[in-house]
Participant: 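Input: one structure, supplied below.
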2 protein chains.
Amino acid sequence: MNGHELLQKHISKTVTLSDDVFEYVLSHFKEQHFTKGQTIISAGDKVQHEYFVVAGCLKSFYINEDVKMFILQFSMPNWWASDFEALYSGEKAKIHVDCIADATVLALSNEDREKLCREIHEMEHFFRWRTNKGYVATQKRLLSFMNNNAKQRYEELLTQYPQLYNLVPKHLIAAYLGVSRETLSRL
Amino acid sequence: MNGHELLQKHISKTVTLSDDVFEYVLSHFKEQHFTKGQTIISAGDKVQHEYFVVAGCLKSFYINEDVKMFILQFSMPNWWASDFEALYSGEKAKIHVDCIADATVLALSNEDREKLCREIHEMEHFFRWRTNKGYVATQKRLLSFMNNNAKQRYEELLTQYPQLYNLVPKHLIAAYLGVSRETLSRL
DNA sequence: TCGCCGTTGTGACCTATGTCACATTCAATG
DNA sequence: CATTGAATGTGACATAGGTCACAACGGCGA
């Protein structure tokens, strides 16, 4: 399936659009390719785009004062990635996004998203629901952090995304779980 | 300031509405009063409403198998509270909401929110931004969990919401921070 | 006023996880 | 091939935070 088809399918799960409108919407997305290790957003950047992942995998992460990395999200196909705080507020990025498995994405600029939301009520609806899902998912992860130990969180992650086990190195999984790589290795 | 004024002010920070439209929007909210200790949503309920807090304070929390409580949010004036996952999906509530300081709220039903979003594009826009703010805030809290120890999280909370120190008992603050009340007491 | 219960503090001890050091494996590259 | 460096495993030890037990305090209803 190509990028536009995947995105169309993704959007139609939430809203119904005519083919013409779909074509108009899709015309605002630009396909881009990234290779493993490539940087997409660095802290300090002015963030202009969000990215719908068609293939491959991205990670969004924060680096603290001790240069320790915390992964907020692995973005697999059908997910969106960006520094949403910076994107919406216009401030400089605080989080980084880079590519961990050769990726194809569809980039949408902040201006174009707001334009689409203004022009097409259904798209505003779509983005409301998308954000809502992200909100609920993040709240669940927060609860999992408070409720479960490292082993339980690891098993939870692998149950939900078995592909990750082979796709990404263990020290990145540790950074997602919020434990040291040594601890993860002992699980 | 009465409830409608506060809500109007809150909404106008994000979108501009005429007085007539505002009146129409506000007519969908019903004022309710809760007293300290009162239950608003219990796990297992069918969730019908979300609540805009005008005065007082609510807490949203999860109870695990060991009957341990984890607080997702303290809802102060100008915040919204509900089990948003249950509300949006139609499933039974997994989280509880109750009142920790005598409260006045404006209740909006799920149907009315969707109706307002359908009828008034600006309201869809408003709710998109509201949810986006919640998403970003939750992500920040997640990062704080990974990055900071109990003491740092406690200080962060008190800096952000100094009122909480006197308003809510310490064991609830501990349940928000995800530590035992004994640990909090030793900070 | 008395007694009760919710809240908070604190000591003793236990456990999960972090940190540091070093070994091993393996893929990429000259 | 030989070499390098990233990824991973593992032992020894340190420490934040959990758990349990008990004491102290204070407000509120009988």
Participant: Is there a side-chain contact between T183(B) and the phosphate of dG18(D), meaning an N or O under 4.0 Å from OP1 or OP2?
Facilitator: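 So the side chain of T183(B) is within the cut-off, an N or O lying under 4.0 Å from OP1 or OP2 of dG18(D).
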
Participant: When we call it a touch if two heavy atoms are under 4.0 Å apart, what does G37(B) touch: a base, just sugar-phosphate, or nothing?
Facilitator: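 G37(B): no heavy atom of the nucleic acid under 4.0 Å.
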
Participant: Could you check whether the rings of Y176(B) and F74(B) sit parallel, tilted or perpendicular, using 30° and 60° as the cut-offs?
Facilitator: parallel

Participant: Just wondering, are more than 12 heavy atoms of other shown residues or ligands nearer than 6.0 Å to NZ in K115(A)?
Facilitator: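 Yes, enclosed.
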
Participant: Here's a test of your reading of the structure: between K170(B) and R186(B), which maps to the more 5' nucleotide of DNA chain C?
Facilitator: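 Its nearest nucleotide lies further toward 5', so the answer is K170(B).
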
Participant: Would you call the rings of H96(B) and F61(B) parallel, tilted or perpendicular, where under 30° means parallel and over 60° means perpendicular?
Facilitator: parallel

Participant: What is the separation between atom NZ on K36(A) and atom C1' on dA28(C), rounded to the nearest whole Å?
Facilitator: 11 Å

Participant: Specify the separation, in whole Å, of atom CD of E182(A) and atom P of dT15(D).
Facilitator: 17 Å

Participant: Specify the separation, in whole Å, of atom CD1 of I100(A) and atom C1' of dA7(D).
Facilitator: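 I100(A) atom CD1 is separated from dA7(D) atom C1' by 15 Å.
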
Participant: Write down the distance between CG (L187(B)) and P (dT10(C)), rounded to a whole number of angstrom.
Facilitator: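 About 12 Å, once rounded to whole Å.
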
Participant: At less than 4.0 Å, is any side-chain N or O atom of K151(A) found next to OP1 or OP2 of dT15(C)? Yes or no.
Facilitator: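 For K151(A), the contact criterion (side-chain N or O under 4.0 Å from OP1 or OP2 of dT15(C)) is not met.
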
Participant: Can you tell me how far P of dG18(C) sits from NZ of K68(A), to the nearest Å?
Facilitator: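 To the nearest whole Å, that distance equals 7 Å.
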
Participant: I want to check a possible cation-pi pair here: R130(A) against Y135(B), using under 6.0 Å from ring centre and within 45° of the ring axis as the test.
Facilitator: no

Participant: Which whole-number value in Å describes the distance from N147(B) CG to dG18(C) P?
Facilitator: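 Taking CG of N147(B) and P of dG18(C), I get 13 Å after rounding.
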
Participant: Taking the side chain of V179(A) as heavy atoms from C-beta outward, which of dT7(C), dG18(D), dG18(C) is closest to it?
Facilitator: dG18(C)

Participant: Within this structure, what is the CZ-to-C1' distance between F145(A) and dA16(C), rounded to whole angstrom?
Facilitator: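 My rounded result for the distance is 14 Å.
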
Participant: Please determine, for the side chain of A150(A), which listed nucleotide (dT10(C), dT17(C), dT19(C)) has the closest atom?
Facilitator: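 Nearest listed nucleotide: dT17(C).
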
Participant: I need the CG-P distance between L177(A) and dA16(C), as an integer number of Å.
Facilitator: 17 Å

Participant: Taking only side-chain nitrogens and oxygens of S180(B), does any of them come within less than 4.0 Å of OP1 or OP2 of dT19(D)?
Facilitator: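 The answer is no; no side-chain N or O of S180(B) sits under 4.0 Å from OP1 or OP2.
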
Participant: Looking at H171(A), does any N or O in its side chain come under 4.0 Å of the phosphate oxygens OP1/OP2 on dT8(D)?
Facilitator: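 Yes, such a contact exists.
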
Participant: For the residue pair W79(A) / H10(A), report whether a side-chain donor-acceptor contact shorter than 3.5 Å exists.
Facilitator: no

Participant: Please evaluate the base of dT17(C) for a donor-acceptor partner in the side chain of R181(A) within a cut-off of under 3.5 Å?
Facilitator: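 No such pair is found, so the answer is no.
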
